[in-house]
Amino acid sequence: VSKTVELTVDGVKIAVPAGTLLVEASKKAGIEIPVFCHHEKLKPVGACRMCLVEIEKMPRLQTACTTPVAAGMVVKTTTPAVKEAREGVIEMLLANHPLDCPVCDKGGECPLQDNTFGYGSGVSRLDEPKRSNKKALPLSERIVLDRERCILCYRCTRFHDEIAGDGALVPLERGGESEIGTLTGETYDSPFSGNTVEICPVGALTSRSYRFRSRPWDLQHSDSVCSGCSVGCNVRVDARDGSVLRVTSRTNDAIDDGWLCDAGRYGTLPPPLGAEHAPEGKDAPRRARFPALRIDGKLQRVPLERAIARALELLGSPRAAIAFAARLTNEAMPLASELRAALPGCALGFFEPVLSPWPVVGRIQNLTSVKRIVDLGCDPWNELPILALRLRKATAAGAPLVVVGPRNGLFRDTRHWLRGTADAMAGACEDLARALAGETCSNEAAVAAASLRGDGPAAVLLGAHFARDARTLRAATRIAELLHANGDTGFCGAPMRGSNARGAAELAPALAAVDPLAQRPDVVFSFGLDAPVLPPGGRAIVASSGTIVDDPAIEVLFPLAHAYETDGHVTNLEGTVQSLRAIARRPGDRHGELAMDHELLGALLRAAAARAPALARGRA
Amino acid sequence: MTATQSHAGAPAREYALSAQCKEAILAERAAYPQPRTALLQALKIAQAEVGFLPPSIVAAVADLIGVSHAQAQELTTFYSMLHTERHGERVVQVCTQVPCGFMGGDRLLGQLARGLGVAPGETTADGKVTLERTVECMGACHRAPMCRIGDGYVENLRTQADVDALVAALRKGTVPATPGTRNHDCHPQQQAPHEPPRKTAAAYEPVLLTHQPRTTPVTLAEYRAAGGYEALQKALTTMQPGEVTDVVKQSNLRGRGGAAFSAGMKWGFVPKGPGPKYLVVNADESEPGTFKDRELMEVESHLLLEGMAIASYAIGCNEAFLYLRGEYVEAGARMRAAIAEAKAAGLLGKSVLGSKFDLEIHVFLGAGAYICGEETALLESLEGRRPMPRSRPPFPAVAGLYGRPTVVNNVETIVNVPHIVKRGADWFKALGPNPKSAGPKIFCLAGAVNRPGNYELPLGSVTFRELIEQCGGGVAGGRTIKGVLPAGISAPIVPADKLDTKLDYESVAAAGSMLGSASLIVIPDDVDIVRAAVRMLEFFRHESCGKCTPCREGTAWLHKILLRLEAGRGEAKDLELLLSLSSRISGKVLCALGDFATSPVTATLQHFKNEYLAAIENGRGARDDWSRRP
């Protein structure tokens, strides 16, 4: 139970929970205290000194970003001393800053620009030469560093120290020579590197995929959900002229905690529609923009109705199948189910398994505060990355982590690793279960089990791949029972990876149980998959938002709206339903050319219904 | 450019650690409560074997300790004693900071450069010797001019003959790189001429530096024969830990590191609950003009150990750390030897003196970073992280080393503890005229005096002038005094007209400065104050950790302006800018280093503005002597 503390900021009385930092408390009074190093998801550091304020009874100015509120505190943020201090910090920060705003990606959304306009003196007294450095130093294939622009707020390095825990980026050298970097000759390698670009308060760290592509004021925004995996991180999609250029975090404390993984941030963007902003060459594979049929050996543009008619005709084959992507919206799921009735001979199902043998119980946010963790062959670091950050927070707070499985995906935080191999997974899990129950077990398991003793909520994660084995699943659920890993405060289950796998399992259960490719179909309709299925010797129908490599097997092609171009809803691994808002359509892209999942399915259903009698006749 | 990078067609060479070296690193890793503490020592072990730290070696060390490669490189590039490039077999580092610089350091650098035929920063053609000018003070100000060679010191290099002998020894390769002070290996004089006399002028019998002018360590037998470890026995057998804290509190012992905070109160802040607590003794003595802890550790090792044991008992600590600056290799070796002696005699380790009290003491050497003298930066360094000061609260007494309650005390603070326990708080308070600011104090006296050295006297018992005249034997060369820096270069200069100020915290504060660590640097009239300010700001610029904006950017900016002034390219408006920038640093920074960094500018400008105006008018030119233009 947190106490409330009353204080006064610039004459405004406010009440905030005890322990709140002054900089956050002041927001409640509608007072902005400028910051650079402060970030609400990182620990207080007090490095940039931009947030100096006057507090009554304190002899020196204090940093609002490190000072917790106290009862009766009287804070002043507009005195001459504060104004002078802010001008001083801005002056010092600009002393070695190149002021190359006209060619800087950050221009227009730059805290240094904003604070300089808001709190700087507007005059330079600098007569000395500035420190100069190589511009645009590539740190990795994704990220470029401009050391001249860096103001050493240490947000990026603190992110890797406190949040990712991988120490991938560090401050080097010291004093005025300090700079951000890695070990000489090594690349900046982290599955979470893009977050540092987002939290950088200047244009020092930039994404190579976004550099020089747009100005912030030319971007259209929409709120969506990352389609990379089933965590469902909240994103803001930024597009220019209808082409998605980047996604940034739209902080949802209950799900993503404000962070995105690189796989989501960089790996989920739809290919650009036109060549205007595309870095690829003219002949590079393109994204489908119009419905097309193979006529005279070439894919040629046709009206949607004709493409649908041809698709339905092909799907009349006795060995036809439709493989849906697990990312389809909840709006599309019932329509996909209905299509099953309209195409009686066709095998309809999801390309990847969506039905978890052990559906997740518990909230993602519980993972942060669990006291004991068992990971059975689940690889959150690579497959559900944001969960790994949550688990790291728990281990950093002292929660023991026992990993069973061939990989130790959470390597640095693991307390005990029982190396169950891919073959011997069930045995290793049973061993740990017996150890927890106090039965005969291996020494290794006994030691690991001992570390898990104690009270408090627990998390048990099972890799979806291993969950299909009945013995492993039984052992896993037994471990969860023994650790009392319940859903109220804990977390257990085998999360599936598809971004709407849970929605699929709940809203299209009949399809969820089917492997559409099990019977070696000769006609496959790939619906929404990243890479289409091309049956050997057979024919393919493709509905895709990705780039299309022209293959003679493709008979029919439907352009599909990407997740970020779609309105609808998806259900994440914990069962939370979240909405996707499409970015404004590209000018000239008339409705129907880039169909959303449910639009195309609706059109297919209507056409199939009209055709049904004919189909029936054909069968007879 | 390192070998593994192989830019510009240089042949790539992979370096690897020997099995023996890896073993030493793993042993170091196992020695501390957390493996990352061993990272700095591991890098030093690797460097000792390979000669420098190329990326492949940094990566190998990181893997052995269990941190990311970048995190190991973070330390490698921060500490000035770790090198990413290969040096000559012997690195000769000449101190040119205040006071060494004006006591002949710059001259020595020039003599060595001519003698070796290289410019500072270069290595001789045969790869044997690298000559360097250091910005950091080495803690040998009373034996200026001096240089550090390998892990040893060569001091009192006063004449051309001394330098010639040294150059010859370097050419022959007979100067060892091992720790120790070896004036005589390459020094024609048999005895350093000016070690301080044992007795100071006042009628006072020293209790801390009881063996002057001796420079060899006091053995355990000698120490015990003189009543050593009786105070520890008394504390363990007759006093509760709280009682020890109480008597230290009553004595008003104030921290000798510079901040002068009550040691007993600091101990009292440590919460009582279960779990480990730590004592960390700050021996990172890096303030220019300060060399007292060095003498205490090199000679009075057991007095320090006894003090550490009593303090640990008082606060409930079973694992204590002694953090020495990296250059104090000799002091570190002597402390380790003393610990081994004490352990063998049952005075440390399991059940100290047969009691239920256990104590392990780690001797931990830094690697060249003034900021580690700041207690929270020191803790970061101990944790194997970049030594940048922490923002307070929480204070170390609540959350210090590894987030646990920690007391950080200076060496000189701790050596007072056995005496207080043995003789009582009243004895301590009676030493000196002011009971609130009493007790023995070691005054480091350096600069232009005839007998520089450490002098132990009660606080407040003498004035600046009395100390200089009676202990220091007056100003060298019959010159007059321009001013005295009372706390190394970190406190405002006290001009000549205030030399009758008593040497205690309150009186020096009233005179507009700070007593701090009581490291008095006497600056004679003929030293150019602009040159002195340039060197002092060069120091703060070099030693700023880079964490907070005003210190990182401000010290560099101030230094650049001063360099321009010194070169004769200054303007009158620069003086205004110097003061304005100083006010935008001081009071706005995260730790005291930034506050200290401005007084070399503001105080010298306040008292000696005419010299700044003269520099603007005429410039100093790039002369390597420090004297003013006639």
Could you tell me which of [options] has the largest number of non-hydrogen atom pairs under 4.5 Å with chain A?
{"options": "B/Asp574, B/Leu577, B/Thr555", "answer": "B/Leu577"}
{"options": "B/Pro393, B/Cys551, B/Ser580, B/Ala556", "answer": "B/Ser580"}
{"options": "B/His542, B/Glu543, B/Lys588", "answer": "B/Lys588"}

Contact leader toward chain B among A/Ser178, A/Cys37, A/Pro171, where contacts are heavy-atom pairs under 4.5 Å
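Result: the option with the highest number of such pairs is A/Pro171.
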Taking side chain as everything from C-beta outward and backbone as N, CA, C, O, which of these in [X] sits under 4.5 Å from a heavy atom of chain A? Side chain, backbone, both or neither.
{"X": "B/Ile371", "answer": "neither"}
{"X": "B/Leu581", "answer": "both"}
{"X": "B/Ala59", "answer": "both"}
{"X": "B/Arg564", "answer": "side chain"}
{"X": "B/Ala72", "answer": "neither"}
{"X": "B/Arg386", "answer": "side chain"}
{"X": "B/Arg390", "answer": "neither"}

Tell me, side chain or backbone of [X] under 4.5 Å from chain B's heavy atoms, or both, or neither?
{"X": "A/Glu186", "answer": "side chain"}
{"X": "A/Arg125", "answer": "both"}
{"X": "A/Gln62", "answer": "neither"}
{"X": "A/Ile151", "answer": "backbone"}
{"X": "A/Leu52", "answer": "side chain"}

Within the 3.5 Å criterion, strictly below it, is a donor on [X] or [Y] matched to an acceptor on the partner's side chain?
{"X": "B/Thr602", "Y": "B/Ser599", "answer": "no"}
{"X": "B/Tyr370", "Y": "B/Ser490", "answer": "yes"}
{"X": "B/Gln73", "Y": "A/Thr184", "answer": "yes"}
{"X": "A/Asn96", "Y": "A/Glu148", "answer": "no"}

Taking 4.0 angstrom as the limit, do [X] and [Y] come out as a salt bridge?
{"X": "A/Arg131", "Y": "A/Glu177", "answer": "no"}
{"X": "B/Arg392", "Y": "B/Glu374", "answer": "yes"}
{"X": "B/Glu383", "Y": "B/Arg36", "answer": "no"}

Would you please indicate yes or no on a ring centroid separation below 6.0 angstrom for B/His559 and B/Phe539?
no
